[in-house]
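Let me begin by presenting the structure, written as structure tokens, before commenting on it.
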Amino acid sequence: MSLAYRRHLPIIITFIMGIIMILQYFIVPKQPVEPYQITMQKVGETLTNWANLLAAFTIGFGMVNIALIHSRHVSRKTPGQWYYSAWLLFVAVIMVIVGIGGEPALGINVSKYQYDWMTTYVFAALSGTMYSSLAFYITSACYRAFRARTIEATALLIVGFITLMSRTPAFQAYLPQVIEVADWINKYIVKSSFRGILIGGALGAILLGIRTLMGMETGYLGRRD
Amino acid sequence: MADIWTECGIWVAAILTIAVYSFAYRDNPLFKFAEHTFVGVAVGYSFVQAIRGVKTFGIDHLTAGEALYIIPIILGFLMYFRYHKTLYWLYRYGISIIVGVGIAASFVRDIETSFLAQIAATAGINIIKADPAATLGNIVFLAAVATTLYYFIFTFPMLHTGRAKTLADAGRWFMMLAFGYAFAKTVVTRYNLMLGRLEFLLFEWLKLPK
Amino acid sequence: MAKSPLEYIESLPREIIYTILIICLAVPLVKPLGLPVPISSRVKEWHQYVEGLPDGAYVLVSVDYGVGSLPALEPFMVATLHDLFERNVKVVIMTLYSDGPICYESLITKVNPDAYGKQYGVDYVFLGYIPGGETAMKAVAENLHAAVPTDYYGTPLNQIPMLKDISGASDFAMIISVTPSGDVAQGWIRQWVTPYGITYMSCVLAMMMPTMEPYYPAQVKALTDAGRAGEYEYLIGKPGSGIRKLDAFSVAHIMLIIAIIIANIAYFALKAQKKGGA
Amino acid sequence: MIVSGRFMEFVALILIWVLAMIAIDKIKKGWTVSFRRIAGLDALEEAVGRAAEMGRPVHFTSGLNSLTGTWAPLTVAGLAVFGEVARLCARYRVPVIYSVYGTQVIPIAHELYKQAFLAEGRPEEAKPEEAIRYLSSSQFAYAAAVQGIAERERPAANIMVGPFYAESLIFAETFYRVGAIQVAGTARLYQIPFFAIVGDYVLIGEECYAAGAYLTKDPAHTGSLFVQDLGKMVAIVLGVIGALLTTAGTKAIVEFLKL
């Protein structure tokens, strides 16, 4: 099978898709009026739907990957892991059945109540707790990071201190100037240096986008074939 | 009937909460159990979302008479040829559409929102203000934007040697101070999250008096 | 070689740090310490407007949030009702959210009007969920009895003593709304403030303040964000979930600041010791 | 033709595109470009070398990656870094673990992984099924699973480049605790501080995109980096002069940019 089909055609497809999306951005105003604008809008929307549809298809890669790894653990009885893997596969199947609403024909009638129960007391509880465990990690990170080792680290410590105090209700009551200093730092040092980083990052993304459409960012297809 | 389910739900949620927090101390079987439960539920959840995604983005359009949608559906199945020994490259057509649409739709917007608009905002600063702290602030602002950008210049090494290096160092200093502020600023929001979980454990699970 | 105490403190094991954190957060939750809390001018202004209400004045309180944003918005609404029930005013409660009644139930049990000797139907009433968003606001303003035939519990309005001679917006001294929605917060201005000039007080989520600031103070007499519930509780001496969190923040932050100071002292002491010892 | 208000963007896009093509062409014709040091990228080889000495794996993650949506370019930048890390791991014979969040990258990651072993002349040693592991497409289930890998397989190095969200600090602290050397980079502003303060080496914003040019010196990436530098110089000049003009009373540059 010649190189044309394996590498060049996909790169050409990426280029065409990219050019259409760019044209849609530059030609179609908020309320398309001209016929060419309306068709361009339609083409752009259809392709975006196609991309989302294809992205939904790729979920299967994940399912295969997880089923493969964990069923191998179960079949090989990997010590200290196989029963966790069995439990994972079991829970995944339960969630799929509950999620799809069950099949009355197969005698599985599952109401929305079970789905809400699973999402509230298992999914939401785990997500909320994992998210809140950041309180542990930010505390130990602060304890370690705010140390006056070098001049730079001392500056970091002082700014961190002022910001911490400006957010502590008790200090705000006694030392309101702390809030003004913190706001000044935020307005004139944080917003400015973050803008510098943002501009740099944007240039990086723009050039990467151009390279990808020109087929020069071969990372996504593998360098040589 | 609902009460038993709710009460049992609260107990399940409480045990999972303690399991996740226990990892902060040590990795242990209870956390490993919670982790595998979480991944299992999440896999089932995203599988259902994927099926809904294929339905809403694809099948619905097809049934609504937009015949062209058969193309992405075919390409979608073709992507599973990547497991095939020789025809593995067939997956690339689907991926090339995802990448072409995804990358272009994103980077073209960066030109305005994160490049031109940011320069325009900087160029629009009226430095001299009535309040001296604001005037000083604007001077610091301009210096910080300029030196941070200067720090990121890669292909002119001479700009980072000798006396010119001080400009790059200034950029690094501004970023360091900004990181210190942003780091400390999140402490409140993270503690607020943990307070929410502790309130659940103390008042809904242990039923302590409010 | 066991670590010397200085080394131990300087690199304190994470288990100790985490346990101290949990204690600092949990204790104030169970037993509020009533640490000093800064009262922002916005909360003081909100309270002054409630204090300024004449005896027998009618206040419309709109519970414009659903179960989703209840954790963030309820504490401020609870404090507002405590403040209103301290005075001799008539409180008419309604909601524009379909799951608003659930929030009302949770709200009213926490406020406990009986403790203030307030009687349902005489001092306060709940009209329930009125669908339609801004059209609901307009209908209630123009003709309350036509817009809302019965209260939430099904009693016809003309049989409720406090609502007999209340026809619409012009009979109200104030309208208070707590909501996560910008449209609702601005809707009350269009339907009640512009046409009837009623005093409007709005409490929104912190991130929505920038969108509401332009209306303050001309159309919105008092504007604040729900995160300040703890301040309001402290101001009116009614500690609730808002102040418990503020106490916990203060204790946890003070712990962190002290810990950082100790760590730095240990660090410098170690450096001095090494320099001295070398 | 062009939507009002977007004319300047169109001009900027064409200008950048043309300049990039010219620069790439000149580099192909022998024009050499030298770089200033990027500590984070120099550290990649050091990190993998350390893992080889300690006989422990290298862990890689590209955060909550997605090829559709705002952070598609940063995901591709993360994949490019993974390509380099896979090459180093093939060279030093160190197992690599790529914890995957978004399933769209799985086929690409497999491709890059096999290319790396091919380039190092060891295609038979490639074990993609074990190296590239899909964990979850839900943010915190993914974070919990990565924590499990960190504690149980105790990687000696952790490399994180891509779009990260709140879970960035969970990873940074957990891998610090198992003693892994960390090279971490993202362009998402509010997550950079956690990598800068907790990680050993940090790639700030644009440095994530510079990996291709810096490590491979390939013309396309190097040319892009040169044009990016021109863009930054333009930003400095227009920004500062614009502000001075505004203070002096004329908003010429601001209007110019907003055409």
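Chain A is the first sequence line, chain B the second, and so forth, proteins listed ahead of strands; every chain is numbered from 1.
- For A:Leu54, no part lies under 4.5 angstrom from a heavy atom of chain D.
- In this structure, the side chain of D:Tyr98 does not engage the main chain of D:Phe60 through any donor-acceptor pair within 3.5 Å.
- Taking the six-membered ring where the residue is Trp, A:Trp87 and A:Phe90 present tilted rings, their angle falling between 30° and 60°.
- Judged by distance alone, the side chain of D:Thr186 and the main-chain N or O of D:Gly162 form a donor-acceptor pair under 3.5 Å.
- Ion pairing of D:Arg133 with D:Glu153 is present here, as a side-chain N (NZ or NE/NH1/NH2) and a carboxylate O approach within less than 4.0 Å.
- With a 4.5 angstrom heavy-atom cutoff, A:Tyr36 touches chain D only via side-chain atoms.
- Salt bridge status for D:Glu129 with A:Arg72: absent, with no side-chain N to carboxylate O gap under 4.0 Å.
- With a 4.5 angstrom heavy-atom cutoff, A:Ile206 touches chain D only via side-chain atoms.
- Of the atoms belonging to D:Glu206, heavy atoms from both backbone and side chain fall under 4.5 Å from chain A.
- Of the atoms belonging to D:Ala143, heavy atoms from both backbone and side chain fall under 4.5 Å from chain A.
- Taking the centre and axis of the six-membered ring of D:Tyr214, the NZ or CZ atom of D:Lys217 falls inside the cone set by 45° and 6.0 Å.
- Note: D:Tyr113 and D:Phe82 have parallel aromatic rings, judged against thresholds of 30 and 60 degrees for the angle between ring planes.
- Residue contact with chain A, scored on non-hydrogen atoms closer than 4.5 Å, involves the backbone and the side chain of D:Ala77 alike.
- Between D:Val227 and D:Ala23, the closest heavy-atom pair is CG2-CB, 4.1 Å.
- Looking at D:Ser138, only its side chain comes within 4.5 Å of chain A, counting heavy atoms on both sides.
- Interface remark: D:Ile132 contributes backbone atoms only to the contact with chain A (heavy atom separation under 4.5 Å).
- With a 4.5 angstrom heavy-atom cutoff, D:Glu207 does not touch chain A via any of its atoms.
- Proximity to chain D is absent for every atom of A:Phe136, based on heavy atoms less than 4.5 angstrom apart.
- Within the 4.5 angstrom heavy-atom criterion, no atom of A:Thr129 approaches chain D.
- The shortest heavy-atom contact between D:Pro107 and D:Thr103 is CD-O, 3.8 Å.
- Both the backbone and the side chain of A:Ile27 come within contact range of chain D, with heavy atoms under 4.5 Å apart.
- If you measure heavy-atom distances from D:Ile106 to chain A, the contacts under 4.5 Å come from the side chain alone.
- In terms of modelled atom types and a separation under 3.5 Å, the side chain of A:Asn65 and the main chain of D:Tyr134 share a donor-acceptor contact.
- Under a cutoff of 6.0 Å and an axis angle of 45°, D:Arg6 and A:Tyr25 form a cation-pi pair.
- Only the side chain of A:Leu156 comes within contact range of chain D, with heavy atoms under 4.5 Å apart.
- When each of A:Leu213, A:Ile138, A:Ile199 is scored by its heavy-atom pairs under 4.5 Å with chain D, the top score falls to A:Ile138.
- With a 4.5 Å cut-off on non-hydrogen atoms, A:Val64 does not touch chain D at all.
- Contacts of D:Phe194 with chain A are made by side-chain atoms alone, with heavy-atom separations under 4.5 Å and no backbone atom involved.
- With respect to D:Lys232 and D:Asp229, a salt bridge is recorded, a charged nitrogen being found less than 4.0 Å from a carboxylate O.
- If you measure heavy-atom distances from D:Pro193 to chain A, the contacts under 4.5 Å come from the side chain alone.
- Contacts of A:Ile59 with chain D are made by both backbone and side-chain atoms, with heavy-atom separations under 4.5 Å.
- For chain A, no part of D:Leu67 is nearby; none of its heavy atoms comes within less than 4.5 Å.
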